[in-house]
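Since the structure comes first, as structure tokens, the remarks are kept for the end.
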Amino acid sequence: MSKGTPPPQDRDREDPPGLDLTRLRAHLDRERPGLAGGPLRARLIEGGRSNLTYRVTDGTASWVVRRPPLGHVLATAHDMRREHRVISALHETPVPVPETLLLCPDESVIGAPFYVMELVEGTPYRTAAQLAPLGPERTRAVVLSLVDTLVDLHAVDPEAVGLGDFGRPDGFLERQLRRWGKQLTASKNRDLPGIDELHEALGRALPTSPAPAVVHGDYRLDNVLVGPASAPEVNEATRGADTVKAVLDWEMSTLGDPLTDLGLLVMYSSDLGLPESPVSTTSGAPGHPSPAELIERYAARSGRDTSAIAWYTAFAWFKLAVILEGIHYRFTLGQTVGAGFDRIGELVPVFIDRGLTTLKEG
């Protein structure tokens with residue numbers, strides 16, 4: 001341990017980047033008197049890709065604080081009010097989300113808007129290697145639970161929970177395709193064979209969207225917490241089985257085409273065939289259902305027509321190719337550092353090829 005570095009047990013007592021605990025405590029005491037007892041400690045929860053998430057405790061109880069990333073951000077992409085609103089609206093539905101406790105839009109408190117929600121205990125499974133110790137049966141149950149939770153989300157009536165104006169469903173797919181095309185233009189600084197072909201082919205084959213639903217926007221296994229089911233979630237026969245305890249990371253949620261969520265889930269459940277890839281899927285875990293099984297279960301439980309799912313999956317491959325190219329571009333400029341970023345660029349052609357193949361084969 002280097003000189004001046006506090007021991008592990010003391011690190012939670014320091015202010016983590018972006019969270020002034022003294023100012024947070026004063027705000028909690030004003031807005032929620034009695035919520036916190038002893039001195040606050042906090043740590044940044046690793047794994048978040050954008051907005052910052054902290055586990056905060058007073059030594060007795062624990063909560064989660066969520067705020068935008070440090071530095072300049074796009075307000076629309078990191079809107080704490082939207083995240084707080086959708087989670088609050090869904091709390092009384094079958095969709096498992098944490099209970100929200102406080103929203104603070106005042107940037108003067110900790111330097112950015114933030115909200116506080118309950119801490120839900122559970123495990124985020126990000127890779128096949130993390131899933132593997134569960135064994136085939138438990139892995140299968142976890143992934144199918146993920147599909148069932150998505151069906152529950154898309155079954156929510158937006159008007160009934162106060163989300164009727166949460167987005168603009170008309171023209172949703174056209175806007176999405178146009179948005180990611182602009183993102184590609186902004187970050188492409190090399191020849192990417194097939195990327196324009198894929199973008200244009202998606203535009204020519206736009207499907208007719210079903211009735212709009214609340215869309216998560218980044219629905220995959222590592223954006224949920226998994227743990228043992230308990231009352232009132234299930235009946236006695238299935239108590240203790242693995243299930244989705246909470247859906248997290250709602251920063252991209254809106255009203256739109258629900259099959260975009262399914263297409264993304266199918267993409268993340270497909271085998272990339274690239275061992276040691278910095279972008280992983282969970283498909284390699286023994287017992288993991290195939291993409292076809294996920295589609296079939298969603299269709300059977302939701303009653304939706306999934307015959308155009310190839311388009312939505314191809315769009316997911318395209319979107320991820322654009323995101324990865326943006327990361328690669330920032331890496332070439334020296335703006336992104338860390339393990340694996342040097343290999344992101346070589347993945348982009350793989351995602352482009354998968355998108356083209358998926359669209360052509362249907």
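Sequence positions, counted from 1, serve as the residue numbers for this chain.
The pair Asp271-Arg354 does not count as a salt bridge, with every side-chain nitrogen at least 4.0 angstrom from each carboxylate oxygen. Between Glu346 and Arg190, none of the side-chain N atoms (NZ, or NE/NH1/NH2) sits under 4.0 Å from a carboxylate O, so this pair counts as no salt bridge. With respect to Arg297 and Asp148, a salt bridge is recorded, a charged nitrogen being found less than 4.0 Å from a carboxylate O. Using a 4.0 Å cut-off between charged nitrogen and carboxylate oxygen, Arg23 and Asp15 do not count as a salt-bridge pair.
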*Under the salt bridge (Lys or Arg N to Asp or Glu O under 4.0 Å) criterion, do Glu197 and Arg204 qualify, and how do the steps go?*
CA-CA 11 Å; Glu197 178 189 348; Arg204 290 193 301 270; over 6 Å; no
*asked:* Let's go through Thr100 and His91 carefully: what are the C-alpha distance in whole Å and the side-chain angles of both, what is the deciding distance for side-chain hydrogen bond (donor to acceptor under 3.5 Å, both in side chains) to 0.1 Å, and is it a yes or a no?
replied: CA-CA 8 Å; Thr100 54; His91 187 252; over 6 Å; no
_Candidate pair Asp170 and Arg168, rule salt bridge (Lys or Arg N to Asp or Glu O under 4.0 Å), full reasoning_ = CA-CA 6 Å; Asp170 291 343; Arg168 294 183 296 135; over 6 Å; no
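A heavy-atom distance below 4.5 Å is found between the side chains of Glu325 and Asn189. Contact check for Ser209 versus Leu173: side-chain heavy atoms found under the 4.5 Å cut-off. Ile195 places a side-chain heavy atom less than 4.5 Å from the side chain of Phe318. Under the 4.5 Å side-chain criterion, counting only non-hydrogen atoms from C-beta, Trp317 is not in contact with Thr357. Here the side chains of Pro210 and Pro258 are in contact, with some heavy-atom distance below 4.5 Å.
For the pair Gly167 and Thr254, the tightest heavy-atom approach, listed with the atom from each and the gap, is CA-OG1, 3.5 Å. Counting all heavy atoms, side chain and backbone alike, Pro228 lies closest to Thr243 at C-CG2, 4.4 Å. The nearest pair of heavy atoms linking Trp311 to Pro207 is CD2-CD, 3.4 Å. Closest of all the heavy-atom pairs between Leu44 and Pro16 is N-CB, 4.3 Å.
A cation-pi contact, defined as under 6.0 Å to the ring centre and within 45° of the axis, is absent between Arg304 and Tyr298.
Partner of His27 under the side chain to side chain contact (heavy atoms under 4.5 Å, CB included) criterion, out of Asp106, Thr22, Leu102, Ile110: Leu102 alone. Results of the side chain to side chain contact (heavy atoms under 4.5 Å, CB included) test with Val224 over Leu248, Asp249, Val247 single out Val247 as the only residue that passes.
Using cut-offs of 30° and 60° on the angle between ring planes, the pair His216 and Tyr219 is perpendicular.
A side-chain donor-acceptor contact under 3.5 Å links Asn51 and Glu83.
Linking Ile, Leu, Val, Met, Phe, Trp and Tyr residues whenever their side-chain heavy atoms come within less than 4.5 Å places Leu150 and Ile295 in a single cluster.
In this structure, Glu174 places its CD atom where more than 12 heavy-atom neighbours from other residues, nucleotides or ligands lie under 6.0 Å away.
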